[in-house]
Amino acid sequence: MSPASSELSEQEQRRREEREALEQRGVAPYPYAWDVDAHADEILDTFDDDLHQPADGDVGEYKVSIAGRITGLRVMGGSAFFDLQDETGTIQVYVRSQDLGEDFYDEVFTELFDIGDIVGVEGFVFRTGMGEVTVRAAADFQLLAKALRPLPVVKETDEETYYEVTDKEFRYRQRYVDLAVNEDVREVFRQRSELISTMRRFLDDRGCLEVETPVLQPVYGGASASPFKTHHNALDMPLYLRIADELYLKRLLVGGFEGVYEIGKDFRNEGLSRFHNPEFTMMECYVAYKDYRWMMDLTEELLRTVATTLHDTSTVEFEGHKIDLGGNWARVPFFEAIQKETGIDLYGADADRVYDVAANELGLEEVDADMGLGDLLDEVFSETVEPELVQPTFVTDYPVALSPLAKKHREKEGLVERFELVVAGREVANAFSELNDPQDQRERFVAQARQRAAEVDEDVDPESLIDEDYLRALEYGMPPAAGLGIGIDRLAMILTGQESIRDVILFPLLRPEQ
RNA sequence: AGGCUCGUAGCUCAACCUGGUAGAGCAACGGACUCUUAAUCCGUGAGCUGAGGGUUCGAAUCCCUCCGGGCCUACCA
């Protein structure tokens, strides 16, 4: 479906006419392939080294074939320079009428090629009078894809950038343009990709098996969040998009795999914010015969490896803080952390007492008297402690009420063996010694279901929220195990210095246009 | 969902407070120019000012509603 020509901008109409003109001259506007044998960065690197500089005029042996988008164009009569941008960077190309032939130069190149078009250039590397390493199009110069829409033109000097495309809506809706035009955005997503591949390699090297578990689930679980509901037609059954991978991955430990992990999308039907996208990427990893202390060490090593792979240093700059992901991180028990911030020890306190402290002594506005103990403690923690933890900190030993899938603490009554990693005031990782006692697990599920049914007065049958098959699996025996979950998007934010989750997700969810 | 804020040419912005024919740079188009690089120089065209309503002799500007974005709050293991 193409828009009526009356709706097209002047420049769009113009480019469609150029496409016609190209075809009439026998120039294919969309040919099939181009042999690329060099990229901008390698050419620039090679010739930046004095040892590799060709002698004056001795350029014939440095033949390259490159391809990319025209991002700037300077025509001076019978010769012209343009900037060619490929995945690795931008290199200048020099074209001359006498190299290409007058017909092609005057009637095709200067008339019918535009900024935004994708071209292939075969020519020779040389250094201009101003010292810039440049490719002189001599052997071949072809259009590879005609752009029918004008590409925003960003100009820059070494010091400053002009006309930068900054409109967030434009950038998110037309991410392809954002990427084409903003080098630093490409870099963020390159780093995100490297983050994931480094993590995958790290886990593979430690003998973990990458697996895939269902996204479509008849019973959702493993976290507390609203799911997306869908329906399978042939089976005529309701299904949910998973909110966590946990319960399926642990079934695999029952099956005999000793280390499994999955990197994939979870879906939560909740609000959007600069920390929340409805679909987001989680890494979850489970290792048999280990506990949460072992997992803390692994987490330290994993994040240090990822940070140094991306940045050659374990220190990253985020929201004005220097954050050091190297070394050993502070480990602070949950209630000690609260006591340290507020001076109040809530260990062993009941819901009434916590409510009293939260509402009256701490003045928290978002608590009310019928909240459960877990939610109250969570509220106190996230209001008083979490924002203060800038450097990576393991918060350990959470109350049972907050953690229905974690094993009870081997020493401390009422606590579980769990840690969250907090960096820059945000939860980055969550882990525990996994609960593998099926009776205990059933009791926790029941308590959780009751709590949920009490809070949400929808006509949900609490029993339907219990994953009976998971309990059946545990009854066959799951080895003691440590589990870890890392929110990839939030980690990517910290490692790439982005303050909105939308800036580390290629296509964040937006309302439809118009 | 609530509060604040923004939406003007293909892109980046001005004009809005204090109502009076909507302007600049880039991009585009015509011309000059065979080492330019924010190329330069001369000239030209380009807009339902997010949409709809109101106030007014007159609305980009003031008011209301709606649509979309951003930030904050709420929701959020």
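Lettering follows sequence order; numbering is per chain, from 1.
- Rounded to whole Å, the P atom of A15(B) lies 10 Å from the corresponding atom of G7(B).
- In this structure, the CD atom of Gln13(A) is 13 Å from the C1' atom of C29(B), given to the nearest Å.
- The pairing partner recorded for G7(B) is C67(B), the criterion being a Watson-Crick or G-U wobble arrangement whose two distances lie under 3.5 angstrom.
- Ring planes of Phe228(A) and Phe267(A): perpendicular class, angle over 60° (limits at 30 and 60°).
- With P as the reference atom, G31(B) and C13(B) are 33 Å apart, rounded to whole Å.
- Here the closest non-hydrogen pair linking Leu402(A) and Gly374(A) is CD2-O, 3.3 Å.
- Taking atom C1' in both U40(B) and C26(B), one finds a spacing of 15 Å when rounded to whole Å.
- Atom C1' of U55(B) sits at a distance of 11 Å from the matching atom of C64(B), rounded to the whole Å.
- Among all heavy-atom pairs drawn from Arg69(A) and Ala180(A), the shortest one is NE-CB, 4.2 Å.
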- Reading nucleotides 11-16 of chain B from the 5' end, what letters show protein touch, with B for base, S for backbone sugar-phosphate only, - for no heavy atom under 4.0 Å? SSS---
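- Here the C1' atom of nucleotide A46(B) and the CD atom of Glu12(A) are 13 Å apart, to the nearest Å.
- If you take CZ of Phe113(A) and P of A28(B), they are 15 Å apart, rounded to a whole angstrom.
- Of the candidates G70(B), U34(B), G45(B), U34(B) carries the atom nearest the Gln98(A) side chain, counting heavy atoms from C-beta on.
- The side chain of Val75(A) has C33(B) as its nearest neighbour among C33(B), A28(B), C72(B).
- Taking only side-chain nitrogens and oxygens, Arg511(A) comes nearer than 4.0 Å to OP1 or OP2 of G69(B).
- Rounded to a whole angstrom, the distance from the C1' atom of U5(B) to that of G23(B) is 25 Å.
- When both distances must be under 3.5 Å, the Watson-Crick or G-U wobble mate of A24(B) is U12(B).
- In this structure A32(B) sits in a base pair with U40(B), meeting the Watson-Crick or G-U test at under 3.5 Å.
- Comparing the same atom, C1', in A59(B) and in A22(B) gives a spacing of 12 Å after rounding to whole Å.
- When the options Gln441(A), Lys250(A), Lys407(A) are evaluated for a side-chain hydrogen bond (donor to acceptor under 3.5 Å, both in side chains) with Asn436(A), the one that passes is Lys407(A).
- Remark: P of G30(B) and CD of Glu17(A) are 11 Å apart, rounded to the nearest angstrom.
- The residue Glu379(A) sits apart from the nucleic acid: no heavy atom pair falls under 4.0 Å.
- The CZ atom of Arg14(A) sits 14 Å away from the C1' atom of U44(B) (whole-angstrom rounding).
- By the salt bridge (charged side-chain N to carboxylate O under 4.0 Å, His left out) test, Glu183(A) pairs with Arg186(A), Arg190(A), sequence neighbours left out.
- Donor-acceptor pairing under 3.5 Å is lacking for the side chains of Thr384(A) and Glu341(A).
- In this pair, Phe394(A) and Trp329(A) present their aromatic rings tilted. The plane angle is within the 30 to 60° band.
- For the pair Arg274(A) CZ and U5(B) P, the interatomic distance rounds to 20 Å; values are reported in whole Å.
- Each of G70(B), G45(B), A38(B) was ranked by its minimum atom distance to the side chain of Leu510(A); first place goes to G70(B).
- Across the protein-nucleic acid pair, Ile501(A) atom CD1 and G70(B) atom C1' stand 16 Å apart, rounded to whole Å.
- Across all strands shown, C75(B) forms no Watson-Crick or G-U wobble pair with both distances under 3.5 Å.
- Residue Arg136(A) places no side-chain N or O under 4.0 Å from the OP1 or OP2 atom of U34(B).
- Arg171(A) comes within contact range of no nucleotide atom at all, as no heavy-atom separation falls under 4.0 Å.
- Mapped onto RNA chain B by nearest heavy atom, Leu151(A) and Glu420(A) fall at different nucleotides, with Leu151(A) at the one closer to the 5' end.
- Taking atom C1' in both A28(B) and C11(B), one finds a spacing of 12 Å when rounded to whole Å.
- Note: Tyr62(A) and Phe47(A) have perpendicular aromatic rings, judged against thresholds of 30 and 60 degrees for the angle between ring planes.
- Using bins of under 30°, 30° to 60° and over 60° for the plane-to-plane angle, the ring pair Phe334(A)/Phe381(A) lands in the parallel bin.
- Taking the ring axis of Phe445(A) as reference, the NZ or CZ atom of Arg442(A) does not stay both within 45° of it and closer than 6.0 Å to the ring centre.
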Polar atoms only, N or O, under 3.5 Å: list the protein pairs with nucleotides 35-37 of chain B and their distances.
residue: C35(B); atom: O2; partner: Gly129(A); partner atom: N; Å: 2.7
residue: U36(B); atom: O2; partner: Arg74(A); partner atom: NE; Å: 2.7
residue: U36(B); atom: O2; partner: Arg74(A); partner atom: NH2; Å: 3.4
residue: U36(B); atom: O2; partner: Gln92(A); partner atom: OE1; Å: 3.2
residue: U36(B); atom: N3; partner: Gln92(A); partner atom: OE1; Å: 2.8
residue: U36(B); atom: N3; partner: Gln92(A); partner atom: NE2; Å: 2.9
residue: U36(B); atom: O4; partner: Gln92(A); partner atom: NE2; Å: 2.6
residue: U36(B); atom: O4; partner: Thr128(A); partner atom: OG1; Å: 3.0
residue: U37(B); atom: O4'; partner: Arg74(A); partner atom: NE; Å: 3.2
residue: U37(B); atom: O2; partner: Gln92(A); partner atom: OE1; Å: 3.3
residue: U37(B); atom: O2; partner: Glu132(A); partner atom: OE1; Å: 2.9
residue: U37(B); atom: N3; partner: Glu132(A); partner atom: OE1; Å: 2.6

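- In the model, Gln92(A) has no side-chain atom that pairs as donor or acceptor with a side-chain atom of Tyr94(A) under 3.5 Å.
- With hydrogens and angles ignored, no donor-acceptor pair closer than 3.5 Å exists between the side chain of Glu169(A) and the base of G68(B).
- Distance noted for atom C1' between A38(B) and U56(B): 45 Å (whole Å).
- No close placement of the Phe113(A) and Phe82(A) rings is indicated, their centers lying 6.0 Å or farther apart.
- Computed from coordinates, the Arg15(A) CZ to G10(B) C1' distance equals 9 Å when rounded to whole Å.
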